2 protein chains.
Amino acid sequence: MRILVADCTVDYEGRLNAHLPRARRLIVVKADGTVLVHADTSGKPLNWMTTPNHLIEEEGRWLITNGKGERLTLDLHEVHFDTQIDLGEDPGLQKDAVELELQRLLAEHLDALEEGMTLIRREYPTPVGPVDLLCRDAGGGTVAVEVKRRGEIDGVEQLTRYLEFLNRDHRLAPVRGLLVAQIVKPQARTLAEDRGIGWREVDYEELAGAESDVLRLF
Amino acid sequence: MRILVADCTVDYEGRLNAHLPRARRLIVVKADGTVLVHADTSGKPLNWMTTPNHLIEEEGRWLITNGKGERLTLDLHEVHFDTQIDLGEDPGLQKDAVELELQRLLAEHLDALEEGMTLIRREYPTPVGPVDLLCRDAGGGTVAVEVKRRGEIDGVEQLTRYLEFLNRDHRLAPVRGLLVAQIVKPQARTLAEDRGIGWREVDYEELAGAESDVLRLF
DNA sequence: AGTTCCATGTCGCGG
DNA sequence: CCGCGACGTGGAACT
């Protein structure tokens, strides 16, 4: 990794055209070729070029191009700082994805949603995308469940689209919708209720706990 | 801006939980308080905390919290490099956006969309937001055009909401919808067709070319 | 401040 | 490889 601080002007031509007037900035060139230009505010770089790309370093000017017709030009007027250090490979990030895990947990504990509910299929396909959980309720009716970390308006819209298509399948119809999330926002509640869609908040920890309880039985 | 390279382990708890095993990484603390942790690949930080936040620096451990219950913990096992430099304010980025330009080009070349179509107004207001282009077609019918760089399901939903309101105005009704984009995704096509909304792909270069041809006449 | 919509989005998964 | 949806989306524009 090469790290420098320099007074520079930057130009990008590609998916759009952008220009950065002269100022002092942090420039990082990573081992994989990625180039980042950062100012002293905000998490996002002002400008960048991801790998794969080709860097030509000339007298005070870097020209970075990338096969897709994009081009980043850095004019380095004054370099205040320039160092190189080998970081080695990164073991990478471990993260607990919430939505998928929540979907998996729910699929195995549908009774936590409604007494007597059973799973027809996870990721049930429709022409406008897959329904997270397609279920049968205690009365034999079909229920489309959309799982989100946060239940917002677009979750209700998504479920509405699925229902529109599912209800044309006379083997399934009538299908009702159920939005499940750790938090369901007030606007989403209102819209869901207005459309006859159910909503339910679930506690992740509780479900995870329920699972470890089940495991403990064996 | 403070720039350091250190062998570190990182933990994030907040919108999800994530853990980074020990490795050598670049750590940047910006003047506004933003903290970034970068590995030697990819443009995106492995972990970060944007401003506003609160940083407590202890013996080999940084604790960064942010009022919304998020917490980033950095354990610095060995610091290889640590420097501070003042960048000053950045004059900021100037960029030419694609979508607006596309809308402008289309407004001036409606015949490229449909023979005989004329413009009523750009950014025609409705209670749920402005319609990009409101037009009259060759047969005297009203057409609401939504312009996007990429036509996706969101665009169809947006147009659907506009049509709902426009069609209540008996001076305009019936109004049909037309989604215009450089690329219209299959799911968006399906949904649009299902709702009787038209869609059309246009070539930006071709439009820009048509315009320069016109200019060349003068 | 809350909401909506764009993005040089980036990323990861499934066909 | 492309299509498609999630994202700790981030950020800007607008109410």
Side-chain angles (χ1 to χ4, degrees), chain A residues 10-18 34-37 41-51 53 64 66 68-72 92-93 95-103 123 125-132 146-150 152-155 157-158 161 185-188, chain B residues 10-18 34-37 41-51 53 64 66 68-72 92-93 95-100 102-103 123 125 127-130 132 146-155 157-159 161 181 183-190:
Chain A
V10 186
D11 284 276
Y12 165 78
E13 294 163 61
R15 288 177 267 189
L16 57 68
N17 296 329
T34 300
V35 179
L36 305 173
V37 180
T41 56
S42 144
K44 210 183 144 195
L46 289 168
N47 239 319
W48 67 93
M49 185 79 90
T50 48
T51 185
N53 64 41
I64 304 142
N66 83 343
K68 280 178 285 186
E70 293 174 84
R71 151 197 300 252
L72 186 66
L93 184 65
K95 60 178 172 182
D96 305 340
V98 174
E99 188 184 333
L100 259 172
E101 181 63 7
L102 192 58
Q103 191 193 120
E123 302 288 350
T126 79
V128 288
V131 179
D132 287 340
E146 178 65 27
V147 182
K148 286 265 180 282
R149 191 173 59 79
R150 290 156 53 106
E152 303 188 6
I153 278 188
D154 55 347
E157 294 286 17
Q158 201 175 335
R161 291 194 297 270
K185 295 280 208 97
Q187 290 199 339
Chain B
V10 186
D11 284 275
Y12 165 78
E13 293 163 63
R15 289 181 264 191
L16 57 69
N17 295 330
T34 300
V35 179
L36 306 173
V37 180
T41 56
S42 146
K44 210 182 145 194
L46 288 169
N47 243 320
W48 68 93
M49 186 78 91
T50 48
T51 184
N53 64 43
I64 305 141
N66 83 343
K68 279 178 285 187
E70 294 174 83
R71 153 197 299 253
L72 186 67
L93 184 66
K95 60 180 169 181
D96 303 339
V98 174
E99 187 185 333
L100 260 172
L102 190 58
Q103 189 193 124
E123 303 286 350
V128 286
D132 287 341
E146 176 65 28
V147 182
K148 286 264 181 286
R149 195 171 61 78
R150 291 154 54 107
E152 303 187 7
I153 277 185
D154 287 4
E157 294 289 14
Q158 202 175 332
L159 192 42
R161 291 194 295 269
I183 301 161
V184 180
K185 293 298 191 83
Q187 290 198 342
R189 295 177 184 192
T190 305

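Because only heavy atoms are used, hydrogens play no part in the values below, and waters and symmetry mates are left out as well, while side chains stay in. Not measured: the values here are computed from a predicted model. Letters A, B, ... are given to chains in the order of the sequence lines, protein chains preceding strands, and every chain is numbered from 1.
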Q. Base, sugar-phosphate, or nothing: which does A:Arg71 touch, judged by heavy atoms less than 4.0 Å apart?
A. nothing

Q. Across the strands shown, which category fits A:Met49 at heavy-atom distances under 4.0 angstrom: base, sugar-phosphate, nothing?
A. nothing

Side chain of [X] only, please: which of [options] is the nearest?
X	options	result
A:Glu146	C:dC6, D:dG8, D:dA6	D:dA6
B:Glu70	D:dG8, D:dA6, C:dC5	D:dG8
B:Pro186	D:dC4, C:dC5, D:dG10	D:dC4
B:Arg15	D:dA6, D:dT9, D:dC4	D:dT9

Q) Got B:Asn47 and B:Leu72 here, is their nearest side-chain heavy-atom distance under 4.5 Å? A) yes

(Q) If you define the side chain from C-beta out and look only at heavy atoms, does anything of A:Asp132 sit under 4.5 Å from A:Glu123? (A) yes

Q) Within less than 4.0 Å of OP1 or OP2 of D:dT9, is there a side-chain N or O belonging to B:Trp48? A) no

Q.
Check the phosphate of D:dA6 against A:Lys148, side-chain N and O only, distance under 4.0 Å to OP1 or OP2. Yes or no?
A. yes

Starting at [atom1] of [X] and ending at [atom2] of [N], how long is that distance when rounded to a whole Å?
X	N	atom1	atom2	answer
B:Asn53	D:dG10	CG	P	13 Å
B:Leu46	C:dT10	CG	C1'	14 Å
B:Arg150	D:dC2	CZ	P	13 Å
B:Gln158	C:dT3	CD	P	18 Å
A:Glu157	C:dT3	CD	C1'	14 Å
B:Asp154	C:dT4	CG	C1'	10 Å
A:Leu16	C:dG9	CG	P	8 Å
B:Lys68	D:dG10	NZ	C1'	11 Å

**Q.** Whole-angstrom distance between D:dA6 and C:dA7, as gauged at atom C1'
**A.** 15 Å

Are there any protein N/O atoms within less than 3.5 Å of an N/O atom in nucleotides 11-15 of chain D, and if so, which ones and at what distance?
residue: D:dG11; atom: OP1; partner: A:Ser42; partner atom: OG; Å: 2.8

Q. Looking only at heavy atoms, which two atoms of A:Trp48 and A:Thr50 are closest? And how far apart?
A. CD1-CG2, 4.0 Å

Q) How about B:Arg71: does its CZ atom have over 12 heavy atoms from other parts shown lying under 6.0 Å from it? A) no

**Q.** B:Glu152 vs B:Gly14, nearer the 5' end of DNA chain D by closest nucleotide
**A.** B:Glu152

Q. Do any N or O atoms from the side chain of B:Arg150 and from the backbone of B:Lys185 form a donor-acceptor pair under 3.5 angstrom?
A. no

Q | Inter-residue atom distance B:Met49.CE - B:Lys68.NZ, 0.5 Å rounding | A | 9.0 Å

Q: To the nearest 0.5 angstrom, please state how far the CZ atom of A:Arg161 sits from the OG1 atom of B:Thr190.
A: 11.5 Å

Q | Residues that A:Asn66 engages under side-chain hydrogen bond (donor to acceptor under 3.5 Å, both in side chains), provided they are two or more places apart | A | A:Glu70

